[in-house]
Amino acid sequence: MRYISTRGQAPALNFEDVLLAGLASDGGLYVPENLPRFTQEEIASWAGLPYHELAFRVMRPFVTGSIADADFKKILEETYGVFAHNAVAPLRQLNGNEWVLELFHGPTLAFKDFALQLLGRLLDHVLAKRNERVVIMGATSGDTGSAAIEGCKACDNVDIFIMHPHNRVSEVQRRQMTTILGANIHNIAIEGNFDDCQEMVKDSFADQGFLKGTRLVAVNSINWARIMAQIVYYFHAALQLGGPARSIAFSVPTGNFGDIFAGYLARNMGLPVSQLIVATNRNDILHRFMSGNQYVKGDLHPTLSPSMDIMVSSNFERLLFDLHGRNGAAIAELMASFKQGGGFSVEDDRWTEARKLFDSLAVDDAQTCETIAEVYQECGELLDPHTAIGVRAARECRRSLAVPMVILGTAHPVKFPEAVEKAGVGQAPALPPHLADLFQREERCTVLANDLKTVQAFVSQHGNRGKPL
Ligand SMILES: *Cc1c(COP(=O)(O)O)cnc(C)c1O
């Protein structure tokens, strides 16, 4: 499988190089040159497979040429073996033909584990083969950092540096990162905000001299391997609900457009997905595009669903690329005008094409709490605020009651106690057994000034299993 850039100017790469690449050299994002397509018979024959075996069948075409079948199978079995539920991604029924796909049974209790548990293992496999070590730098406002650290903690060939804004992540989120104590794990609390952290990651990619030749790898949501891993659970859900003989609809709590883009790919690979709902919080750039063909940057609003607090959706470029007939020059132009003027619309027929599949809704904090309370009263199910936004959007935007509606349950409610309390449905549930002693565990974290040189000096001092590069 070869991968091409959405801006048309970077060299095509194989899977292994895309895994290590991050952004393409022309500023674009990598996408498969040709998407695999499965027949209905083939998809139907996967009914009843354990999750890791389904994962092998869905993802195999994306890695062929880079990872041997036997290795890939073993990696997948290990990856999904760490999930705390035997079904890995169980479905729970809320209402008539309405389901939550529970994606929060991984080590850090959010769906990001599906991709990052795999990414860590894939990186280690590829790096061992190449006899190479890499440094990962990432910025987090909470969920990504802990999932990335959990995913990389056992990697022999990776040192991971995760920056979070000092005193601005929740205690559970901080402890999920800082209590993982390997010599290759480095938590940095920056005396600044999330954007400061992200800016330092970007600047470090732009000028890598401080790494003395060691390769820098990205684990943010633009990494192709993360998208790829998320395609699998769309197939998994559909197969449980009568697919592919029946069509299916999904409502997806959305920030950077990575998770829902995986659903769009599942459909293009042959899964009969009839509707995809983009569910956003007040940070609604995607809702404004889907409802009015305006992709315009707004202000950042902190909400009760912080993992969706974004101003720009980085993976949206991948959908735009398809909507423009995969014309890289057109995308480069659109993104340049976005950067200069802060916004754009697309031609009517392209927007209409997107609207055949996508609907959207923006849900504010009050409605989020209302929905948590509503669902709790209906069926005793306690939703996290992100999932609640998905449920609200599903109920308002649903096109057909005959088509099963699956809401992606992106996080466990214990991660977001504030929203649960505001909803007035009592205390958040206790931490699951593997995290029960989280508040007693030893923490390790370095507080650094909001200064690029200081951070880069720290990385080069500790980038080789805690020793200097
Ligand atoms: C990251 C995250 C999202 C948003 O996913 P995207 O792929 O960025 O759209 C939604 N909910 C939770 C809990 C998350 O951690």
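Owing to the predicted nature of the structure, the values given are computational and were not obtained by experimental measurement. Start at 1 and go down the list; that is how both ligands and their atoms are numbered. Reckoned from all heavy atoms, side chains included, excluding hydrogens, waters and symmetry mates. Numbers for residues simply follow the sequence, beginning at 1.
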Under 6.0 Å between ring centres: does that hold for His125 and Phe72? no
Kindly say whether the aromatic ring centers of Trp224 and Phe15 come within a distance under 6.0 Å. no
For residues 264-278, dump all side-chain donor-acceptor pairs below 3.5 Å to protein atoms at least two apart in sequence or in another chain.
from, atom 1, to, atom 2, distance (Å)
Tyr264, OH, Asn268, ND2, 3.4
Tyr264, OH, Asp322, OD2, 2.6
Gln275, OE1, Arg399, N, 3.2
Gln275, NE2, Asp359, OD2, 2.8
Gln275, NE2, Cys397, O, 2.8

With sequence neighbours excluded, residues passing salt bridge (Lys or Arg N to Asp or Glu O under 4.0 Å) with Arg226: none
Under 4.0 Å from ligand 1 - residues by heavy atom, chain and number: Phe111, Lys112, Asp143, Pro253, Thr254, Gly255, Asn256, Phe257, Gly258, Asp259, Ser307, Met308, His386, Thr410, Ala411
Could you work out, with salt bridge (Lys or Arg N to Asp or Glu O under 4.0 Å) as the rule, every residue matching Glu171, not counting sequence neighbours? Arg174, Arg175
Flag the pair Phe83 / Tyr80 as yes when their ring centroid distance falls below 6.0 Å, and as no otherwise. yes
